[in-house]
Amino acid sequence: MVVESNISNSKVIIFGGSGFIGSGLVKALLNANCEVTSVSKSTAKEDISNNLFKSIKHNFDTGPCDQIKDRSYDFIINCSGYIDHSDFTLNGRNIINNHFLGLMHIVETIKDIKFKKFLHIGSSDEYGQNIEPQVEYQRENPFTPYSFAKTASTHFLQMLHRNIEFPSIVVRPFLVYGPEQKNNRFIPYVIENCLKNNDFQVSAGNQMKDFLYIDDFIEAVFCSLESDNSLNGSIFNIGSGNPVSIMSVVGVIQRICNGGIPVFGSKLIPKKENQNLYADINLAKSSLNWAPKINLEEGLLKVIHHIKNL
């Protein structure tokens, strides 16, 4: 994608640049002629023969990174960490270390680096069971180690902003989807089964969720990086603002793919999962001058076209 932006030709470092969102940001920034460094557990998956791109392999669970030699960047983006909704008794300590301890190691890594803005990718799961639509001023209500670690990370960055004027912004994506997303995620899972005309398991489908196409999310990130310093320390919901049921999303994909046999109710959903998780995006609209442009059907068509061509 190409995003019109004032950050063109900037110098950017992305922590977690090999993941779904991170790799999308790498491509968009390179398209904007930015110099991009990706630091991730795995080597960035893009086969980029571009002298503006550098990939560093490092696991922040283990400590700060000493491989970063440049001491000046315009922008720093943190989308590191993996999604894992396991209970604390199963993998909780590792999940918390991955997100919260990893973030502290990132902050230690950059303590002597000059930069304008630090953008952190949070999660809509920080809201827990809060009533919909979820709004930034609601107190977080985490219900898993993952959502707790994300909430702790948000509070840590806000503390740093109050304490040392750390120039951070937190964006909370709702359900971001798009090409190249792993097939264990909801939308690619449904698309692949519909294209093959398979029977497939799905929940009863009554949950109301908020799906946002990856290009719209990337544009929100760019707007956040460009934002006035008076917004440092803020949190912004980034979603479509339009709730849609899981059942209706499956129906749209079935219609476009002309196939697929969903077995509704055959897949259980976690009892603690918020059944109605969708964003109030008025703050992002008014403060960041951002709004989503790609509707759900248009976005699904793009993903289906991509999967068909694989």
Side-chain angles (χ1 to χ4, degrees), residues 1 19-21 24 83-85 121 123-134 144 146-147 171-220 237-281 284 291-310:
M1 67 170 294
F20 168 58
I21 287 176
I83 298 174
D84 187 333
H85 298 297
I121 311 297
S123 171
S124 58
D125 283 335
E126 295 175 52
Y127 289 113
Q129 294 291 347
N130 271 315
I131 192 167
E132 70 283 352
Q134 283 71 34
T144 62
Y146 170 75
S147 56
V171 292
R172 285 183 177 153
F174 280 64
L175 292 177
V176 178
Y177 70 99
E180 300 183 16
Q181 190 172 30
K182 290 183 179 179
N183 59 11
N184 63 347
R185 306 300 293 169
F186 171 68
I187 283 179
Y189 164 77
V190 174
I191 290 172
E192 289 194 359
N193 279 285
C194 286
L195 287 173
K196 296 174 182 177
N197 200 29
N198 290 339
D199 293 20
F200 61 95
Q201 292 185 330
V202 68
S203 68
N206 299 318
Q207 313 98 296
M208 300 298 291
K209 301 292 184 177
D210 188 331
F211 293 90
L212 183 74
Y213 191 68
I214 182 69
D215 288 6
D216 280 332
F217 179 74
I218 289 172
E219 187 171 0
N237 287 342
I238 306 298
S240 72
N242 295 314
V244 59
S245 73
I246 293 295
M247 183 177 289
S248 65
V249 175
V250 173
V252 173
I253 295 172
Q254 277 184 285
R255 173 171 54 79
I256 297 172
C257 295
N258 194 30
I261 306 167
V263 184
F264 288 107
S266 60
K267 190 171 186 177
L268 297 178
I269 56 175
K271 291 180 180 179
K272 296 177 183 178
E273 179 183 312
N274 193 333
Q275 303 302 295
N276 298 301
L277 190 64
Y278 51 90
D280 181 318
I281 58 173
K293 298 174 181 175
I294 300 172
N295 65 42
L296 181 62
E297 181 152 345
E298 183 183 356
L300 290 174
L301 281 165
K302 291 175 182 288
V303 181
I304 291 167
H305 178 74
H306 173 79
I307 292 175
K308 277 184 174 180
N309 287 338
L310 288 177

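What's counted below: heavy atoms across the whole structure, side chains too, no hydrogens, waters or symmetry copies.
- Nearest heavy atoms, Pro179 versus Val303: N-CG2, 3.9 Å.
- The shortest distance between side-chain heavy atoms of Glu192 and Ile307 falls below 4.5 Å.
- Scanning for side chain to side chain contact (heavy atoms under 4.5 Å, CB included) contacts around Asp84 gives Tyr82, Ser86, Asn91, Ile95, with sequence neighbours left out.
- When all heavy atoms of Val252 and Leu300 are compared, the pair lying nearest together is CG1-CD1, 3.7 Å.
- To the nearest 0.5 Å, atom OG of residue Ser240 and atom CD1 of residue Ile294 are 12.0 Å apart.
- Between Val176 and Gln181 the shortest side-chain heavy-atom distance does not fall below 4.5 Å.
- Heavy atoms of other residues, nucleotides or ligands lying less than 6.0 angstrom from CG of Asn184 number more than 12.
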- Task: Could you walk me through whether Phe211 and Val249 pass side-chain contact (heavy atoms from CB on, under 4.5 Å), step by step?
- Result: CA-CA 9 Å; Phe211 293 90; Val249 175; 3.8 Å; yes
- CA sep, side-chain torsions, deciding dist, call: Lys293, Asp215, side-chain contact (heavy atoms from CB on, under 4.5 Å): CA-CA 9 Å; Lys293 298 174 181 175; Asp215 288 6; over 6 Å; no
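- Under the 4.5 Å side-chain criterion, counting only non-hydrogen atoms from C-beta, Ile214 is in contact with Ile21.
- Residues Leu277 and Asp125 are in side-chain contact: their nearest non-hydrogen atoms beyond the backbone lie under 4.5 Å apart.
- Counting only heavy atoms from C-beta outward, the side chains of Glu132 and Met208 never approach each other to under 4.5 Å.
- The distance from atom CD1 of Ile269 to atom CD1 of Ile246, rounded to the nearest 0.5 Å, is 8.5 Å.
- No more than 12 heavy atoms of other residues, nucleotides or ligands lie within 6.0 Å of CD1 in Ile131, so this atom counts as exposed by the packing criterion.
- Residues Asn276 and Pro243 have side chains not in contact (no heavy-atom distance under 4.5 Å, counting atoms from C-beta outward).
- Here CD1 of Ile253 is found 10.5 Å from CG of Leu301. Values are rounded to the nearest 0.5 Å.
- Side-chain atoms of Cys194 and Phe200, non-hydrogen and from C-beta on, do get closer than 4.5 Å to each other.
- Remark: the backbone N or O of Gln134 is not paired with any side-chain donor or acceptor of Asp280 at under 3.5 angstrom.
- In this structure, the separation between CD1 on Ile218 and CD1 on Ile238 is 12.5 Å, given to the nearest 0.5 Å.
- Atom NE2 of His305 is separated from atom CD1 of Ile256 by 13.0 Å, given to the nearest 0.5 angstrom.
- Summarising the geometry of Phe174 relative to Asp210, their closest heavy-atom pair is CB-O, 3.7 Å, with the distance given to 0.1 Å.
- Expressed to the nearest 0.5 Å, how far NZ of Lys209 lies from OH of Tyr278 amounts to 11.0 Å.
- Panel note: side chain Asn237, backbone Ile281; no donor-acceptor pair is recorded below 3.5 Å.
- Closest of all the heavy-atom pairs between Leu195 and Cys257 is CD2-SG, 3.7 Å.
- Checked against a 6.0 Å centroid threshold, the rings of Tyr177 and Tyr213 count as neighbours.
- For Pro133 against Ala279, the heavy-atom pair with the smallest separation is CB-C, 4.0 Å.
- With sequence neighbours left out, the side-chain hydrogen bond (donor to acceptor under 3.5 Å, both in side chains) criterion links Gln207 to Ser203.
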- Item | Stepwise side-chain contact (heavy atoms from CB on, under 4.5 Å) check, Val202 with Tyr189 | CA-CA 10 Å; Val202 68; Tyr189 164 77; 5.5 Å; no
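- Closest heavy-atom contact between Pro292 and Leu212: CB-CD1, 3.8 Å.
- With a 4.5 Å cut-off on side-chain heavy atoms, Phe186 and Val250 count as touching.
- Geometrically, Arg185 does not engage Phe20 in a cation-pi contact, judged by NZ or CZ lying under 6.0 Å from the ring centre and within 45° of the ring axis.
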